[in-house]
Every structure is written in structure tokens, then in C-alpha cells.
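The sequence lines fix the lettering, A, B, ..., with proteins before strands; numbering per chain opens at 1.
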2 protein chains.
Amino acid sequence: MTRKSKQKEAILKTIRGTTLHPTAEWIYEGVRKEIPNISLGTVYRNLRLLKREGVILELDLAGSISRFDKEAQNHYHFRCEQCDCIVDLDEAVNTELNERLTRQTGFQIFYHRLEFRGLCNGCQS
Amino acid sequence: MTRKSKQKEAILKTIRGTTLHPTAEWIYEGVRKEIPNISLGTVYRNLRLLKREGVILELDLAGSISRFDKEAQNHYHFRCEQCDCIVDLDEAVNTELNERLTRQTGFQIFYHRLEFRGLCNGCQS
DNA sequence: TTAGGTGCAAAACCTTTGCCATCCC
DNA sequence: GGGATGGCAAAGGTTTTGCACCTAA
């Protein structure tokens with residue numbers, strides 16, 4: 001079972017203490033102020049644990065492999081969480097969303113990326 | 001200027017010849033059947049070029065570096081293309097989309113990731 | 001002719017892992 | 001005590017880069 005440690009607590013506190021969406025390295029530097037000899041490996045291990053427990057979210061697929069698409073136009077994708085296949089979706093891109101959120105946020109939004117995750121036909125059994 | 005080469009053409013042909021969303025390694029293996037001594041570095045260089053020219057798309061809902069979010073619940077993000085800051089958006093998650101696309105595609109969709117891209121306040125000048 | 005492309009290998013980069021010591025329950 | 005966790009360093013996997021050579025324009 002998962003038990004507590006001061007390292008894990010410090011890591012969580014560091015993440016919760018910022019509105020940035022920090023990298024592992026940033027978290028490591030932050031925690032080091034409290035626990036100077038913590039190791040980067042420990043930070044990674046605990047981030048993975050916290051993610052697995054549903055406490056935090058990882059925004060990108062770490063060290064993930066780049067995949068390329070022959071279609072240059074923006075479109076949406078489905079990715080199977082089991083076999084990792086990627087399929088183009090035949091769904092219109094909602095450009096109004098960009099305009100509405102540009103108005104609402106003040107950010108200048110050019111486009112968006114949308115990816116659905118689940119199980120493809122072959123992996124549902 | 002960008003000039004043509006048989007390597008670049010073979011790479012593009014290989015990408016266009018599949019509906020998979022291949023990795024650099026897969027493309028490399030494919031092109032090697034035609035140009036056995038092509039190097040992986042060349043593949044990466046040309047992929048970057050083709051992407052920059054808007055010929056292909058890199059499916060980068062993943063950056064190279066993982067970023068973490070203290071919010072565990074799914075929500076949407078904005079990412080600034082200049083300073084790379086990430087901001088949580090106050091926009092309701094559209095779960096109906098998952099249901100509709102599950103019906104339409106036959107895939108079992110659990111959730112989706114949506115990320116807007118553009119310029120944040122500080123980077124619009 | 002010459003700027004851009006290539007091959008090769010090494011470096012860079014982020015992340016994971018093995019090993020053994022340490023800690024929590 | 002014993003399984004979970006940590007520190008350290010080395011390994012792992014993907015991508016980039018330096019350099020000398022080559023090639024398209």
C-alpha cells in the first residue's frame with residue numbers, strides 16, 4: 001500500500017502552491033529548498049504515484065514519442081489507451097470556440113487541439 | 001531556401017502512404033527500404049522542416065517535457081505558443097461530446113483533452 | 001559556385017530503474 | 001519484520017547537433 005513520506009508531502013505541497021503547471025524539474029528545485037538532498041528520481045516516482053492515485057494530472061504524455069500526421073489541416077483525433085493507435089475523426093473543427101474563448105479570456109487564440117481517449121474497436125473485448 | 005532531395009521526398013511519400021500516425025522511427029524504417037543508408041537524423045530534420053512548412057502535423061498534445069496540474073479533474077487548458085505558459089480555463093467540460101462520438105465511431109470514449117493555443121496577455125504586444 | 005542537405009556519431013535531454021539503505025506501519 | 005520509499009547513479013529512449021562531405025540550383 002501507499003504510505004506517507006515527507007518527500008511526497010513536500011512534492012504535493014509544492015505543486016499545490018503554484019498556479020503554474022510546473023515541470024518535474026521545477027518541482028524538484030522547489031522541494032529542494034525544504035529537503036536539500038531529495039533526488040530527482042524520487043520526484044518522478046512520486047509524481048507517477050500521485051497521478052496514478054488521481055491526485056494530480058499530467059498534461060502531456062511524458063517522454064512520449066512524437067507522432068506525425070500527413071494531414072496538415074487541424075482536425076481531431078482519437079487515441080486508444082490500450083494499443084495506442086490514433087485515428088482521424090470526421091468531426092468538424094469548431095472555430096467559433098476559439099473566437100468565444102478569445103473574447104472571454106483576452107488571450108489571442110489561434111487554434112485548439114482536441115484528442116479523445118478510450119478504447120478502439122479491437123481493444124474492447 | 002529549401003531545396004528538394006530524394007530523402008525528403010521518400011519521407012513524405014512514406015507518411016502519405018499510411019493512415020497510421022507514424023513515429024519517426026517507423027518512418028525511418030519505411031524509408032530505409034528505399035534508401036537503405038538514410039540516417040535517423042535526416043528523418044528528424046526533414047520532419048521538422050515539413051512541419052514548419054505546414055505540410056504535415058505533429059500530434060503534440062504532448063510537449064517534450066511533462067507538466068503537472070494540481071487539479072485532478074479533467075479541464076481545459078490554454079498554452080501560450082511564445083512563453084509556453086499554461087493556464088486553466090474556466091470552461092465546462094463537454095461530456096456529451098464523448099457520448100456522441102462513442103455512438104458515431106464505435107470507439108469507447110472515456111474523456112478528451114482540449115488545449116487552446118495562441119498568445120497570452122503578456123505576449124501580445 | 002555555394003547554400004542547403006546528408007550520414008555518422010556523439011551529445012543532449014527527460015525519464016526510468018537497479019541497488020541498497022532507510023523508514024513507516 | 002517486512003514491504004514501501006528514498007538517494008544515488010547509471011541506463012534508457014527519443015531527439016538534436018557538430019562536422020566533414022555531397023548535391024541541387
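A sub-4.0 Å separation between OP1 or OP2 of C:dT6 and a side-chain N or O of B:S39 is absent. Distances shorter than 4.0 Å separate none of the side-chain N or O atoms of A:R48 from OP1 or OP2 on C:dC14. Between D:dG7 and A:Q7, a contact under 4.0 Å exists linking OP1 or OP2 to a side-chain N or O.
A donor-acceptor contact closer than 3.5 angstrom is absent between the side chains of A:T102 and A:Q108.
Under a hydrophobic-cluster definition in which Ile, Leu, Val, Met, Phe, Trp and Tyr are linked whenever side-chain heavy atoms come within less than 4.5 Å, directly or via other members, B:L59 and B:V43 are assigned to different clusters.
Considering only the side chain of A:A24, C:dT15 comes nearest among D:dC8, C:dT15, C:dG7. Out of C:dC8, D:dG6, D:dT14, the shortest distance to the side chain of B:Y44 is found at D:dT14. With distances taken from any side-chain atom of B:I35 to the nucleotides C:dG7, D:dG7, C:dT6, the minimum falls on C:dG7.
Nearer the 5' end of DNA chain D, as judged by each residue's closest nucleotide, is the contact made by A:T2, out of B:L40 and A:T2.
Atom CG in A:L47 sits roughly 11 Å away from atom P in D:dG6 (whole-Å rounding). Rounded to an integer number of Å, the gap from CD of A:E58 to P of C:dC14 is 14 Å. At whole-Å resolution of the value, NZ in B:K51 and C1' in D:dT15 are 11 Å apart. Taking atom CG of B:N46 as the reference point, atom P of D:dT16 lies 12 Å away to the nearest angstrom. Going from atom CD1 of A:I27 over to atom P of C:dT15 covers 10 Å, rounded to whole Å. Spacing between atom CH2 of A:W26 and atom P of C:dC14 amounts to 17 Å, rounded to whole angstrom units. Nucleotide C:dG4 holds its C1' atom 13 Å from the CZ atom of B:R52, rounded to whole Å. Between B:K8 atom NZ and D:dA24 atom P there is a gap of 13 Å when expressed in whole angstrom units.
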> What is the per-nucleotide protein-contact pattern of nucleotides 19-25 of chain C, from the 5' end, where B denotes a base atom under 4.0 Å from a protein heavy atom, S denotes such proximity for sugar-phosphate atoms only, and - denotes neither?
Replying inline: ----BBS
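Using a 4.0 Å cut-off between charged nitrogen and carboxylate oxygen, A:E115 and A:R117 count as a salt-bridge pair.
Using modelled atom types, no side-chain atom of B:T42 and backbone atom of B:I38 make a donor-acceptor pair closer than 3.5 Å. Using a distance-only test at 3.5 Å, with no hydrogens or angles considered, no donor-acceptor pair links the side chain of A:H21 to the main chain of B:D69. A:E34 contributes no side-chain N or O that, together with a main-chain N or O of A:Q7, makes up a donor-acceptor pair within less than 3.5 Å.
A:F107 has its ring centre less than 6.0 Å from the ring centre of B:F78.
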